[in-house]
Amino acid sequence: MLFANSLFAKDIILGGKEGWPVFQKSENLTTGKGRFGYECIELATNSFDADFDTDLLINFENSENPIAAGDYRILTNNLKPSTNTKNDKLAGLSRNIGGLSIAGNPGTFFGSEGLNGSFSIEFWIYPSVVENGEILLSWESSRLEEGKLIHQLLNAIFNKGHIEWTLSNFFDSDFISPDCKEITLNGTSNIIPNSWSYHALSFDAETGILEYIVNGITESLIYVTSTKDESGEVALVNLGTPAEVELCKGYTGLIDEIRIIRRPFSSPDFQSAENAGKTGHTQYAPQGGLFITKPIMVSTGSKLKMLKAEMNVPAQTEICYYVRSGNNFYDWTQNPPEWIPVVSGEPVTNITGLYFQVMAELLPDGDGSISPSLTQLTLSFEEIPSPLPPFIVKAEAGNGSVTVSWNYSVDDTAGGYYLYYGNRPGEYLGRIAIEGFSPINVGNKSSFTVTGLENGKIYYFAIAAYSALDDSVIGEKSKEVFARPLARLK
């Protein structure tokens, strides 16, 4: 954040050369390259977002740590970032030299031993070749059953142009048909090299349905129940010793948006290849995105005069701006104080305060293929200057009183003075004076007697001038003086 000051004006610049600050709130936004080569704010593609049910999300946007959400740790990572991506800016490139190995911490799906409910494992792939035996996902473990170790397996491999899922002893043996101890789900559609496709393995603990979904369409399904149909008792997932998950162990191509969620697959989670991958356009959520800045402190009584945006707004897209203000931000909620719409480059009136907050909504075009972008925001304020304090201050003790005198401030913007008092140096928390609690507004005078003080106790004083335009605009305090009231004094 960059500040540029003049006597009565102040510009606060967000973005641009200095970059964007951390926002208080941001939804469906990412960064890109804007005007003059500076970082800009733009809509994020309609990719997965972490929510309450998200156990793991790997989106490769951070090349050093591709895990965007989830309590998992990376053991090995041989994937390289690639800009040939399904969503956002980066995908993971596997070159069949070992992929990404992760381990879940306690509480995660693959980091916990015992029963689990519904789940869905999802990802997008863009294979360079489709060769038999290429491994996309592999997990192996074991659990103790009736005193014996039972081997467990979950694999996703290429087989005859399709993906084949294998689940061995993955479910609770007490409520499962013998035919469901070893499960194989095969896809039916051919996986096309150099083309994005979406894959999900989904289990619904309410119905017992385990299904394999390709591009939003179920291609293989089985009931994991005691009768192998909808009438039987549902068998839950029963995992043994936590073990690593290997992704792209033997695979050549790209992978993106790897997700494990603790609910079954649902169609709103999936954006069809016809709308997302095959058109060649980046897709954006129709509701767009927004950001809200953290409260920006200017000075008491400041007035916002103009908001000016350096932006690119293609046809049918829009960026809407809102501002709110107040003297503190501790009781601000989502709505109060009221958000006031402003237009870039047009004068603003009646927005004043000590703190200001900006909200911007970025809206895509009608078919969600074009995003606006924002490179820089300039907020121009008119400030009331804080007057200088008096240079000379004196304190004379009396009987239960102290008279404080000072010369007038040399600053012609001063409209009056506050007198601060207290019992400790630098702490002006006095409450005993007949004239009131510290600080006392003494008006536009150069002397004031504070009465009702305790004899024998030392008191400390300072003077500050306030603005003739707004008495809440207070300047710095003067040097400190002290005095000790005594009964023998007049």
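Atom set for the values below is all heavy atoms of this structure, side chains included, hydrogens, waters and symmetry mates excluded. The first residue of the sequence shown is numbered 1, and numbering continues consecutively from there.
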Item to check | Heavy atoms of other groups near Glu230 CD, more than 12 under 6.0 Å | outcome: yes
Item to check | Leu304 and Thr352, any side-chain heavy atoms less than 4.5 Å apart | outcome: no
Next on the checklist: Quick check for you: to the nearest 0.5 Å, what is the distance between Ile97 atom CD1 and Thr252 atom OG1?
Outcome noted: 9.5 Å
Checklist outcome for this item: Output for pair (Asn155 CG, Ile163 CD1), nearest 0.5 Å, gives 12.0 Å
Checklist entry - Taking atom OG of Ser101 and atom CG of Leu247, what is their separation to the nearest 0.5 Å? => result 8.0 Å
Item to check | is_close_aromatic(Phe123, Tyr198), centroid dist under 6.0 Å | outcome: no
Checklist entry - Within a strict 4.5 Å, meaning less than it, do heavy atoms of the Pro314 and Asn312 side chains meet? => result yes
Checklist entry - Between the side chain of Ser26 and the main-chain N/O of Phe23, is any donor-acceptor distance below 3.5 Å? => result no
Item to check | Side chains of Asn186 and Tyr212, donor plus acceptor under 3.5 Å | outcome: no
Next on the checklist: Using 30° and 60° as the class boundaries, would you call the ring planes of Tyr418 and Tyr420 parallel, tilted or perpendicular?
Outcome noted: tilted
Next on the checklist: With a 3.5 Å distance limit and no angle check, can you tell me whether Asn62 reaches the backbone of Pro66 through a side-chain donor-acceptor pair?
Outcome noted: no
Checklist outcome for this item: Closest heavy-atom pair, Thr108 versus Arg262, reported as atoms and distance to 0.1 Å, is C-NH2, 3.0 Å
Item to check | Closest approach of Ser373 to Ile319 (non-hydrogen atoms, all atoms of both residues) | outcome: O-CD1, 3.7 Å
Next on the checklist: Could you measure the distance from the OG1 atom of Thr378 to the CG atom of Leu307? Nearest 0.5 Å is fine.
Outcome noted: 8.0 Å
Item to check | Lys/Arg N to Asp/Glu carboxylate O, Arg259 vs Glu257, below 4.0 Å | outcome: no
Item to check | Pro264 and Ser118, any side-chain heavy atoms less than 4.5 Å apart | outcome: yes
Next on the checklist: Could you tell me if Glu219 and Ser189 have a donor-acceptor pair between their side chains, going purely by distance under 3.5 Å?
Outcome noted: yes
Item to check | Thr413 side chain to Asp411 side chain, donor-acceptor N/O pair below 3.5 angstrom | outcome: yes
Checklist outcome for this item: In short, Asn238 meets Gln152 closest at the heavy-atom pair O-NE2, 2.7 Å
Checklist entry - If every non-hydrogen atom of Gly187 is compared with every non-hydrogen atom of His162, which pair is closest and at what distance? => result O-CG, 3.4 Å
Next on the checklist: Using 0.5 Å steps for rounding, measure from the CD1 atom of Ile370 to the CG atom of Leu43.
Outcome noted: 11.5 Å
Checklist entry - Do you know which two heavy atoms are closest between Thr225 and Gly208, and how far apart they sit? => result CG2-CA, 4.3 Å
Checklist entry - Can you check whether Phe171 and Phe203 have ring centres sitting under 6.0 Å from each other? => result yes
Item to check | Sub-4.5 Å side-chain heavy-atom contact between Leu290 and Leu362 | outcome: no
Checklist entry - Name the one of Ile121, Ile102, Val245, Asp71 that satisfies side chain to side chain contact (heavy atoms under 4.5 Å, CB included) with Leu56? => result Ile102
Checklist entry - Do Ile125 and Ser197 have side-chain heavy atoms sitting under 4.5 Å apart? => result yes
Next on the checklist: So that I can tick it off, tell me whether Lys305 and Asp11 are bridged by a salt bridge, with the cut-off set at under 4.0 angstrom between side-chain N and carboxylate O.
Outcome noted: no
Checklist entry - Parallel under 30°, tilted from 30 to 60°, perpendicular over 60°: which one fits the rings of Trp196 and Trp124? => result perpendicular
Item to check | Ring centres under 6.0 angstrom apart (Tyr321, Trp339) | outcome: no
Next on the checklist: As a quick check of understanding, evaluate side-chain hydrogen bond (donor to acceptor under 3.5 Å, both in side chains) for Glu211 and Thr218, giving each step before the final call.
Outcome noted: CA-CA 7 Å; Glu211 56 187 324; Thr218 298; 2.7 Å; yes
Checklist entry - Is there side-chain contact between Phe265 and Leu201, with at least one heavy-atom pair below 4.5 Å? => result no
Checklist entry - Got more than 12 heavy atoms from elsewhere within 6.0 Å of CG, Asn350? => result no
Next on the checklist: Under a 3.5 Å threshold, yes or no: a donor from one side chain and an acceptor from the other, between Asp365 and Ser369?
Outcome noted: yes
Checklist entry - So, Ser82 side chain and Asn84 main chain: donor-acceptor pair closer than 3.5 Å or not? => result yes
Checklist entry - Can you tell me if Gln24 and Gln357 form a side-chain donor-acceptor pair at under 3.5 Å? => result yes
Item to check | Pair Tyr466-Asn441, side-chain donor/acceptor within less than 3.5 Å | outcome: yes
Next on the checklist: Looking at Thr166 and Thr184, would you say the former's side chain and the latter's main chain have a donor-acceptor pair under 3.5 Å?
Outcome noted: no
Checklist entry - Strictly by modelled atom types, are Thr375 and Glu310 linked by a side-chain donor-acceptor pair under 3.5 Å? => result no
Checklist entry - Less than 4.5 Å apart, any side-chain heavy atom of Ile260 and any of Glu122? => result no
Checklist entry - Have Asn105 and Arg73 got a donor and an acceptor in their side chains that come within less than 3.5 Å? => result yes
Item to check | Over 12 non-hydrogen atoms of neighbours within 6.0 angstrom of CD1 in Ile192 | outcome: no
Item to check | Note, Phe356 side chain near Met297 side chain (heavy atom, < 4.5 Å) | outcome: no
Checklist outcome for this item: Heavy-atom nearest pair, Val348 first then Met306, reads CG2-CA, 4.0 Å
Checklist entry - Trp139 vs Phe110 aromatic rings, parallel, tilted or perpendicular, using cut-offs 30° and 60°? => result tilted
